[in-house]
J.: 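The structure's right below; bear with me while I get my questions together.
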Amino acid sequence: MPDHLLEIEDLHKSFGETEVLKGVDFTMDKGDVVSVIGSSGSGKTTLLRCINMLEEFEGGTIRIEGEVIGYTTAGGHRRRKPEKEIARQRALTGMAFQQFNLFPHMSAIDNVTLGLIKVKKLPKEEARAVAMRWLDRVGLGERAGHYPGQLSGGQQQRVAIARAIAMNPHLMLFDEVTSALDPELVNEVLQVIRSLAEDGMSMLLVTHEMRFAHEVSDIVVFMNDGVIAEMGNPREIFPNPSTRRLAEFLKTSSFN
Amino acid sequence: MGYTLNFDAVWRSFDLLLAGLALGLALAFAAILLGCVIGLVTAFALLAKSRMARMPAGLYVTIIRNTPILVLILFTYFALPELGIRLGKIESFILTLAIYSGAYLAEVFRGGLLAIPPGLREAGLAIGLTEMQIRTSIIVPLMIRNVLPSLGSTIISLFKDTSLAAAIAVPELTFEARKINVETFRVIETWIVASLMYVATCTALAAIMRKVEQRLTVPR
């Protein structure tokens, strides 16, 4: 049996005394588009950040294509993998952040080529060609020389997505990528994500855009209080939630 | 008050003053360069997670910043030889000013580092950069931009501190000026000229720093 793209087993994560993830089990396969929804504090973003080791976690395992992420266990001792190894594993995934996090002292194209040159070790010219291809793809080829401060929020987020995807990740993680945007800029970003989904890119999105989650996702995961309370095809669970929590959540969220 | 200003004696020895100024600039340049390295390492240590890194860095900054620089200069030059560490006047002064500037620059750099949003490091990690690559490509270039305004005044103040090298007979501007006025008794003239030379140099340094700042400003 081939390995799942992403396999999470009994994931536990605490911040100090507060347990944020209380045993999350989840799998997704290549090409899946999965949206994680839930109220703030339910652990969605933390779950995403554990997958690329931006957060350490105390219990459970995460596998990407069968490879155990972040930790090795030998003789009952769990140890963090060496930084070099973790850096390599992080490159298996790409991430787009709520706050874009573009490098402000670099032009759009330099933001994209940095990883291609330093991590993928591409020659400069080749890196620029790859970067241009992706900037064109997100509709910003003409702005390649602009600095983040010269771009709108929506444009910055599209550059950030291009930066992540140019690295050719096996799984894209989107962390509330439209939450910091003015309403009129949300659509241009969603449009980019939608077209990537149509291309078969595997992605895991944390989002508050219920309508969008409903439209693009194969699976919606509803998190509540640190566990997955319900998951399934949005066309089935949105009209007929089987838990009361999801029903309440859907009622109070913008989707109706 | 029958004093008439007469700069002749000062002009005759002006090349000495110029040589002194050049030496002062060279001392400051060497010390600040070294101080920047010390300051950068210390700044990262001050912000490190590990107490083992923070403790010595904090101790260094506290001790050096709370000791008058003249005392440090005299200590390095006169006391260290007693402990078997013998340095020439110039080396001794550069070392002292480097250690002194390192402590100040560490604090300047620390401020610059704190102003960088943590999300940028995470974005670097997310594309697979190592911590070291993130520091060299993202954190340090941004930190330098953040600190340029205060770095300028720190550099100027460190340059002025080179006048204290006169205390251990390093022939920089202040030392030469004192020599000239001892030899010629043209006290007022000598110190006026020396002061103006300091003012002119510091003004030029400030202008250079402003140029660098403009150069590095990110378009927005």
J.: May I ask you to check whether over 12 heavy atoms, not counting those of A:Lys120, lie within 6.0 Å of atom NZ?
T.: yes
J.: Which atoms of A:Leu102 are under 4.5 Å from chain B, going by heavy atoms: the side chain, the backbone, both sets, or neither?
T.: backbone
J.: For residues 98-122 of chain B, which residue pairs qualify under salt bridge (Lys or Arg N to Asp or Glu O under 4.0 Å), counting only residues two or more places apart or in two chains?
T.: A:Arg49-B:Glu122, B:Glu107-B:Arg110, B:Arg121-B:Glu131
J.: Where on A:Met53 is there a heavy atom nearer than 4.5 Å to chain B: the side chain, the backbone, both, or neither?
T.: neither
J.: A:Pro104, A:Ala96, A:Ala160, A:Gly94: which one forms the most heavy-atom pairs within less than 4.5 Å of chain B?
T.: A:Pro104
J.: Take atom CD of A:Glu184 as the centre, draw a 6.0 Å sphere, and report whether it contains more than 12 heavy atoms from other residues, nucleotides or ligands.
T.: yes
J.: Using non-hydrogen atoms and a limit below 4.5 Å, what part of residues 34-63 of chain B faces chain A?
T.: none
J.: Which label fits A:Tyr71 and A:Phe57: parallel for a plane angle under 30°, tilted from 30 to 60°, or perpendicular past 60°?
T.: perpendicular
J.: Checking heavy atoms, do the side chain of A:Thr93, its backbone, both or neither come under 4.5 Å from chain B?
T.: backbone
J.: Does atom NZ (A:Lys118) have a neighbourhood of more than 12 heavy atoms from anything else shown, all under 6.0 Å?
T.: no
J.: Select, from B:Ile116, B:Thr130, B:Leu142, the one with the greatest count of heavy-atom pairs under 4.5 Å involving chain A.
T.: B:Leu142
J.: Are more than 12 heavy atoms from other residues, nucleotides or ligands located less than 6.0 Å from atom CZ of A:Arg137?
T.: yes
J.: Would you say the side chains of A:Ser202 and A:Asp32 form a donor-acceptor pair under 3.5 Å?
T.: no
J.: Specify which of A:Leu151, A:Leu116, A:Asn101, A:Leu92 makes the most heavy-atom pairs with chain B at under 4.5 Å.
T.: A:Asn101
J.: Taking the cut-offs as 6.0 angstrom to the six-membered ring centre and 45 degrees off its axis, would you call A:Lys13 and A:Phe15 a cation-pi pair?
T.: yes
J.: For each of B:Gly124, B:Ala126, B:Pro141, tally heavy-atom pairs with chain A at distances under 4.5 Å, and name the one with the top tally.
T.: B:Ala126
J.: Between A:Arg194 and A:Gln191, do the side chains contain a donor N or O and an acceptor N or O under 3.5 Å apart?
T.: yes
J.: Tell me, out of A:Ala166, A:Ala91, A:Ala87, who's got the most heavy-atom pairs with chain B below 4.5 Å.
T.: A:Ala87
J.: Please tell me whether B:Thr174 and B:Tyr198 have a donor and an acceptor in their side chains that are separated by less than 3.5 angstrom.
T.: yes
J.: Show, in sequence, the C-alpha distance, side-chain angles and deciding distance for A:Arg80 and A:Thr72, and conclude whether the side chain to side chain donor-acceptor pair (under 3.5 Å) test is met.
T.: CA-CA 6 Å; A:Arg80 195 180 154 93; A:Thr72 48; over 6 Å; no
J.: Looking at chain B, which one of A:His105, A:Arg90, A:Met167 has the largest number of heavy-atom pairs inside 4.5 Å, strictly under?
T.: A:His105
J.: Can you tell me which portion of B:Pro219 sits under 4.5 Å from chain A's heavy atoms? Options are side chain, backbone, both or neither.
T.: both
